[in-house]
There are 2 protein chains.
Amino acid sequence: MIVNKVFKALNDNTRREILNLLKQKDMTAGEIAEAFNITKPSISHHLDILHQAELVTSEKQGQFVIYSLNTTVLDDILSWMITLKK
Amino acid sequence: MIVNKVFKALNDNTRREILNLLKQKDMTAGEIAEAFNITKPSISHHLDILHQAELVTSEKQGQFVIYSLNTTVLDDILSWMITLKK
DNA sequence: TAGGTATTTAGACAAATATCTAAATAATAT
DNA sequence: ATATTATTTAGATATTTGTCTAAATACCTA
């Protein structure tokens, strides 16, 4: 169930901030890591969880991996919430 | 930060199901517990987390505690997501 | 007041999570 | 080829989380 993975992915401030960063522009894993006071392996792990939830996509370009925001999956959460509201 | 607590509260299937139950009608803690294959103390704990996130309100009526759904706080999550989308 | 019902609190425990360091993999450049 | 850079994987550890049982609290009724 993707809703499960999305809620899990969103339940962490660092991951939510990563999404906010990617809103501005696509970034490499290294660039993302530099924005936080956390080691690269930890950021890599966060990116993996975001990827599993399909909140980001990734593309390898040479030695870099470029991450992009994918908000389409948020629609599932949105409709889940709207259903609850009405 | 309430957004934090809301995301935390929503990151559990049992708690999301509790909210869906309360969508139909207000319920006592006992009634909610009966709907799950989980002990009453565990449900009580879930209700506490939902309450901290202000996703439910509670009112004591005699020996019963009646829980109600409160979706207003979902607006914060909604606008957080909409900001991310645009 | 005593006994019963509804709910929460306390304390324990296993599983999940966020983080780290060290090592592995992959691509580039000299 | 070798060294350098970018990223991920592996393994360890402390913290958080979901669950349980047992006990405490609160209310009701006879």
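Heavy-atom basis, side chains included; hydrogens, waters and symmetry copies ignored.
In this structure, the side chains of B:Leu19 and B:Thr71 stay at 4.5 Å or more apart for every pair of heavy atoms. Residues A:Trp80 and A:Val6 have side chains not in contact (no heavy-atom distance under 4.5 Å, counting atoms from C-beta outward). A:Tyr67 is not listed as a side-chain neighbour of A:Thr57, based on a closest heavy-atom distance of 4.5 Å or more.
In this structure B:Lys23 satisfies the salt bridge (Lys or Arg N to Asp or Glu O under 4.0 Å) test with no other residue, sequence neighbours excluded. Under the side chain to side chain donor-acceptor pair (under 3.5 Å) criterion, A:Thr83 pairs with no residue, sequence neighbours left out.
Across all non-hydrogen atoms, the minimal contact from B:Gln52 to B:Lys5 is O-CD, 3.8 Å. Closest approach of A:Leu10 to A:Arg16, counting heavy atoms only: O-NH1, 2.7 Å. Contact between B:Ile43 and B:Ala29 at its shortest, heavy atoms only, is CG2-O, 4.5 Å.
Under the 4.5 Å side-chain heavy-atom criterion for ILVMFWY residues, a single connected hydrophobic cluster contains both A:Val56 and A:Leu78.
Side-chain contact of B:Asp26 with B:Ser68: a donor-acceptor pair under 3.5 Å is present, judged by distance alone.
Sorted by residue number, the members of residues 58-67 of chain B with any non-hydrogen atom under 4.0 Å from DNA chain C read B:Gln63, B:Phe64, B:Val65, B:Tyr67. DNA chain D is contacted by no residue of residues 23-35 of chain B, taking any non-hydrogen atom closer than 4.0 Å.
One N or O on the side chain of A:Ser79 and one on the backbone of A:Asp75 form a donor-acceptor pair closer than 3.5 Å. Looking at B:Glu31, its side chain does come within 3.5 Å of a backbone N or O of B:Thr28 through a donor-acceptor pair.
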Show the numbers, then the answer: is there a side chain to side chain contact (heavy atoms under 4.5 Å, CB included) between A:Leu22 and A:Met27? CA-CA 7 Å; A:Leu22 292 176; A:Met27 294 172 80; 3.9 Å; yes
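Rounded to whole Å, atom P of C:dT21 lies 13 Å from atom NZ of A:Lys40.
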A correct 5'-to-3' footprint of nucleotides 11-18 of chain C, with B, S and - meaning base, sugar-phosphate only and no protein heavy atom under 4.0 Å, is ------SS
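Distances shorter than 4.0 Å separate some side-chain N or O of A:Ser42 from OP1 or OP2 on C:dC20.
Of all nucleotides in DNA chain D having an atom under 4.0 Å from a heavy atom of chain A, the first and last in 5' to 3' order are D:dT5 to D:dT9.
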